[in-house]
Amino acid sequence: MELRRGVAVSPGVAIGPAVVLGAEGYRIPKRFVKANAVDQELSRYRHAINDVCVEIGESEKLISERLGKQYGAIFAAHIALARDPKLTREIEELIGQKNYSAEFAVSRTFRSYAKTIQNLGDRYFAERASDLFDLEKRILRQLLDVRREELTQLTSPVIVLAHNLSPGETANLDTRYVLGFATEVGGKSSHTAILAGALELPAVVGMGDFLEEVEGGETVIIDGNHGVLILNPDEETLREYRESEKRFKSVSVRLAEMGSLEPVTRDGVRINIHGNIEFPEETVHCLERGADGIGLYRTEFLYLGTDKIPTEEVHYDAYTRVLKSFPDKPVVIRTLDLGAEKIPGSMKEEFGDVPNPALGLRSIRLSLMQNELFRPQLRAILRAAVHGDIRVMFPLVSTQFECRHARLLLGDVKEELEEEGIPFRGDIPVGMMVEVPSAAILADEFAQMVDFFSIGTNDLIQYTLAVDRANPAVANLYSAADPAILRILKTVLKAAQGAGIPASICGQMGSDPIFMPLLVGMGYRDVSVTPHSIPELKQVVRSLTIPVCEEIVRHVQTLDVARDIENYLRGQVKKICPELEI
Ligand code: PEP
Ligand code: MG
């Protein structure tokens with residue numbers, strides 16, 4: 001048995017057999033297959049080689065046509081290498097006789113040859129070694145892509161262990177069979193983590209290297225409450241965790257009963273708790289827990305996990321489905337926030353491989369550049385608004401020009417619908433996310449341009465503190481309690497109040513119960529959160545009074561280390577709400 005720690009991102013306990021997804025370009029785990037699966041593994045390998053040779057053959061043809069046969073010959077040499085009888089024999093022996101997985105056998109053989117060649121110390125040979133590494137990568141990509149596709153064809157429960165899962169892959173996990181997951185990379189506010197919460201799958205991320213230690217099929221436990229992964233648990237641990245799984249379910253049932261209670265402080269102040277969703281189906285979770293509406297609908301998930309660009313009708317259908325669940329509550333539709341790590345398969349080439357994608361062409365910048373993406377969405381939002389209280393919100397606004405431009409386009413789309421005689425509602429509130437420092441610095445100016453603010457602390461922390469939200473190596477620096485972030489929250493609220501517009505928090509900070517007294521003490525009255533955290537948050541709110549919250553704010557101002565502030569806040573919430581497990 002082996003216990004590993006990571007970052008807890010979605011609560012609950014899951015126990016089951018592991019499916020291990022390797023990662024081309026990284027180490028390949030030392031994995032074995034069962035004796036009766038050897039033939040299948042050999043055939044996987046042979047198929048991969050055939051596919052790779054077809055792929056290289058296409059490049060050979062293209063380059064020969066464009067540059068001449070002598071350049072095409074480089075690719076012909078790669079094909080010869082991929083089919084080299086000695087290499088093939090060695091790889092097939094490792095699979096057939098030692099039961100290595102195809103990935104491990106390929107990786108081991110190619111690397112050992114490449115290293116031998118490299119050690120010859122000759123420049124010509126060093127280049128041949130890099131050919132071998134390239135080829136290894138191609139074959140692994142082929143093998144691993146197929147394995148990732150297999151995730152869509154599960155027939156029994158599994159726990160997914162991977163180097164990384166993209167938001168698109170996570171969104172498409174089949175929750176009938178995937179019980180939970182653990183990844184080597186990722187941070188608390190990464191989109192993959194957020195999605196785990198949305199899908200209500202126990203999950204741990206940022207584990208560091210561990211895949212090498214696991215074999216597919218072995219039993220593992222994911223403890224999403226404490227950020228623990230247990231490999232090969234002994235009988236006693238299994239028994240304890242089965243108990244803990246039951247306990248977690250019964251606490252969830254008890255907390256769910258809070259759904260019908262109002263989030264009102266002991267001295268009578270109503271705090272509005274909205275839900276964050278990525279899929280229309282999540283409105284069920286929000287309704288069960290008594291959400292005050294939808295404060296953030298991340299519509300880019302309509303694009304992830306599908307090869308087709310969603311049409312206006314697909315948008316319209318999704319929005320009207322959400323409105324059906326909340327016919328008389330606000331529903332904030334955030335326009336596309338594609339880019340960075342949220343890249344649809346069909347747009348991979350368009351985005352390319354840029355060094356700093358979080359600072360690149362993403363979000364509202366992309367929407368403003370690609371009207372064919374943006375206009376159908378705006379049309380669908382305005383049309384769906386006929387059926388309820390829809391509000392539109394622009395993500396990642398960083399300049400006033402962008403904000404004006406987006407509003408102009410919205411105006412254009414209204415005129416277009418008017419001319420076409422299509423029913424729509426034009427007077428919907430228009431808001432923006434405050435998640436870039438420039439928007440926070442000019443919050444008083446922006447407050448004159450929009451009807452509401454929603455603060456995206458996930459990105460705001462990343463950009464303000466220059467800390468990648470998904471990188472475990474700097475996770476200790478990523479904190480909503482950092483004094484710089486708290487100062488920004490105060491400034492933005494003041495700017496909103498000055499202009500008479502509402503400001504809410506929709507980043508993960510709002511979902512963490514330790515921050516609730518602080519936010520209330522600062523003057524925030526609206527949050528939008530991961531649905532599963534609503535009951536806990538209601539419990540905290542119902543234990544607070546405004547003077548206690550204001551005192552907490554005063555004390556926090558005397559501290560200057562994020563970790564100290566977090567510890568102090570945790571201690572306060574434990575004191576105020578002792579029955580809560582935090
Ligand atoms: C945020 O950045 O806080 C936010 C809510 O948006 P996302 O997590 O989708 O980037
Ligand atoms: Mg964001």
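As the structure lists them, so they are numbered: ligands from 1, and atoms in each ligand from 1.
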* **Enumerated ligand 1 atoms positioned under 4.0 Å from heavy atoms of Ile194** => 8 (O)

* Asked: Do Glu300 and ligand 1 have an N or O pair less than 3.5 Å apart?
  -> no

* Structure fact -> ligand 1 to Lys342, heavy atom cutoff 4.0 Å, flagged ligand atoms 9 (O)

* Atom name of the N, O or S atom in Glu435 that lies nearest to the Mg ion (ligand 2) -> OE1

* Give the residue, atom name and distance (to 0.1 Å) of the protein heavy atom nearest atom 6 (O) of ligand 1. => Arg334 NH1, 2.9 Å

* To do: Look at ligand 1 and say whether Met509 reaches it with a heavy atom at a distance under 4.0 Å.
  => no

* With heavy atoms of Gly456 as the reference, note each atom of ligand 1 found under 4.0 Å away. => 1 (C), 2 (O), 3 (O)

* **Stepwise salt bridge (charged side-chain N to carboxylate O under 4.0 Å, His left out) check, Lys329 with Asp389** => CA-CA 6 Å; Lys329 297 243 167 86; Asp389 182 2; over 6 Å; no

* Spatial distance of atom CG (Leu296) from atom CZ (Arg334) [nearest 0.5 Å] -> 5.0 Å

* Is the closest heavy-atom distance from Gln508 to ligand 1 below 4.0 Å? -> no

* Structure fact -> Counting from 1 in the order shown, the ligand 1 atoms closer than 4.0 Å to a non-hydrogen atom of Arg298 are 4 (C), 5 (C), 6 (O), 7 (P), 8 (O), 9 (O)

* Are Arg469 and Ile461 close enough that some pair of their side-chain heavy atoms sits under 4.5 Å apart? -> no

* For ligand 1, note which part of Asp337 has a heavy atom under 4.0 Å away: side chain, backbone, both or neither. => side chain

* Contact check, side chains of Val204 and Leu229, non-hydrogen atoms, under 4.5 Å -> no

* Atoms of ligand 1, numbered as shown, that sit under 4.0 Å from any heavy atom of His191 -> 7 (P), 8 (O), 9 (O), 10 (O)

* **Side chain Arg425, main chain Gly388, donor-acceptor under 3.5 Å** => yes

* Matching residue for Ser528 among Asp292, Asn272, Asn276 - test: side chain to side chain donor-acceptor pair (under 3.5 Å) -> Asn276

* **Salt-bridge criterion met for Lys188 and Asp512 (N-O under 4.0 Å)** => no

* To do: Answer yes or no for Asp459: is there an N/O/S atom below the 2.8 Å cut-off from the Mg ion (ligand 2)?
  => yes

* Asked: For ligand 1, which atoms sit closer than 4.0 Å to a heavy atom of Arg469?
  -> 2 (O), 7 (P), 8 (O), 10 (O)

* Describe, in one word, how the ring planes of Tyr297 and Tyr319 are oriented to each other, choosing from parallel (under 30°), tilted (30 to 60°) and perpendicular (over 60°). => perpendicular

* To do: Below 4.0 angstrom from a heavy atom of Leu296, which ligand 1 atoms are there? Numbered from 1 as shown, please.
  => 5 (C)

* **Check ion pair Lys342-Asp337 (N to O, under 4.0 angstrom)** => yes

* Any N/O pair Asp459/ligand 1 closer than 3.5 Å -> yes

* Step by step, would you call Glu312 with Arg375 a salt bridge (charged side-chain N to carboxylate O under 4.0 Å, His left out)? -> CA-CA 8 Å; Glu312 179 180 328; Arg375 288 181 91 100; over 6 Å; no

